[in-house]
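Report on the following structure.
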Amino acid sequence: MSIYNQLLLVAFIVIFIVDLSGFTDTLLDIVSKVKGHRVESLRPFTCSLCMTWWCCLIWSLCTGHFTLPVIAFSAALAALSFPLAQVFIFIREGLNRLVAVLAKWLEI
């Protein structure tokens, strides 16, 4: 598998975990309870742009593909993290709508 495909998959996984899964909200709640006051952000762990950038760089280092084009591709994926998250949300909402329509259709 090409390093570019691998980085794209890494970006998808990171964006899902940070923006859609609720993991970062749970992490912030735990840290807030430990510190005794509300913590708003734990960058890079609560920022999909930051996490995509660092995870892609670490992945490319671990696989031995740390080159300038790979760094540029990682930067592009990080810059596109918010639009990619919006595409995920759009797909999720579309599937939710489809399931609701199918459920209503099956009730008849």
Side-chain angles (χ1 to χ4, degrees):
M1 180 182 279
S2 166
I3 185 65
Y4 299 107
N5 293 337
Q6 291 176 12
L7 290 177
L8 190 60
L9 290 175
V10 167
F12 285 153
I13 293 166
V14 167
I15 291 167
F16 171 75
I17 291 171
V18 173
D19 289 336
L20 302 175
S21 72
F23 170 75
T24 55
D25 295 331
T26 305
L27 181 65
L28 285 174
D29 289 341
I30 292 169
V31 171
S32 295
K33 287 178 184 175
V34 169
K35 290 190 119 188
H37 61 86
R38 180 72 185 149
V39 176
E40 297 297 324
S41 178
L42 284 175
R43 285 190 178 198
F45 303 108
T46 57
C47 172
S48 61
L49 185 145
C50 302
M51 282 297 289
T52 302
W53 167 251
W54 288 111
C55 287
C56 286
L57 286 183
I58 291 168
W59 184 263
S60 65
L61 274 170
C62 290
T63 58
H65 292 96
F66 194 70
T67 61
L68 189 59
V70 170
I71 294 170
F73 189 71
S74 299
L77 287 175
L80 292 173
S81 63
F82 183 73
L84 288 173
Q86 296 303 313
V87 169
F88 280 159
I89 292 169
F90 180 75
I91 291 169
R92 181 183 64 190
E93 294 301 320
L95 290 174
N96 285 342
R97 173 92 178 178
L98 178 65
V99 168
V101 168
L102 288 174
K104 187 175 180 181
W105 180 70
L106 291 174
E107 286 179 0
I108 297 176

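Every heavy atom of this structure was used, including side-chain atoms; hydrogens, water molecules and symmetry mates were not.
- Between Ser48 and Val14, the shortest heavy-atom distance links the atoms O-CG1, 4.4 Å.
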For Ile71 and Ser60: C-alpha separation, side-chain torsions, deciding distance, then whether side chain to side chain contact (heavy atoms under 4.5 Å, CB included) applies. CA-CA 8 Å; Ile71 294 170; Ser60 65; 5.7 Å; no

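- Leu95 and Val87 fall within the same hydrophobic cluster, where Ile, Leu, Val, Met, Phe, Trp and Tyr residues are linked whenever their side-chain heavy atoms come under 4.5 Å apart, directly or through other members.
- Other residues, nucleotides and ligands contribute more than 12 heavy atoms inside 6.0 Å of the CZ atom of Arg38.
- Taking the side chain as every heavy atom from C-beta outward, Leu28 and Lys33 never approach each other to under 4.5 Å.
- Pairs passing the ring pair (Phe, Tyr, Trp, His ring centres under 6.0 Å) check and including a residue from residues 45-86, sequence neighbours excluded, read Tyr4-Phe73.
- When all heavy atoms of Ala79 and Pro83 are compared, the closest pair comes out as O-CD, 4.1 Å.
- Phe12 and Leu20 fall within the same hydrophobic cluster, where Ile, Leu, Val, Met, Phe, Trp and Tyr residues are linked whenever their side-chain heavy atoms come under 4.5 Å apart, directly or through other members.
- Shortest non-hydrogen contact noted between Leu7 and Val70 is CD1-CG1, 3.6 Å.
- With hydrogens and angles disregarded, a donor-acceptor distance shorter than 3.5 Å links the side chain of Thr24 to the backbone of Val18.
- Heavy atoms only, all atoms of each residue included: Gln6 and Met1 are closest at NE2-O, 3.3 Å.
- Considering SG of Cys55 and CG of Leu77, their distance stands at 12.0 Å, rounded to 0.5 Å.
- In this structure, CG in Leu84 is found 10.0 Å from CG in Asp19, a value given to the nearest 0.5 Å.
- Each of Leu57 and Ile3 belongs to its own hydrophobic cluster when Ile, Leu, Val, Met, Phe, Trp and Tyr are linked at side-chain heavy-atom distances under 4.5 angstrom.
- Follow the hydrophobic side-chain contacts under 4.5 Å out from Val10 and you never reach Leu49; the two are in separate clusters.
- Residue Ile91 holds its CD1 atom at 12.0 Å from CG of Asn96, rounded to the nearest 0.5 Å.
- Two residues are said to be in side-chain contact when any heavy atoms from C-beta on lie closer than 4.5 Å; Ile17 and Met51 fail this criterion.
- Leu9 and Ile58 fall into different hydrophobic clusters, where Ile, Leu, Val, Met, Phe, Trp and Tyr are joined by side-chain heavy atoms under 4.5 Å apart, directly or via other members.
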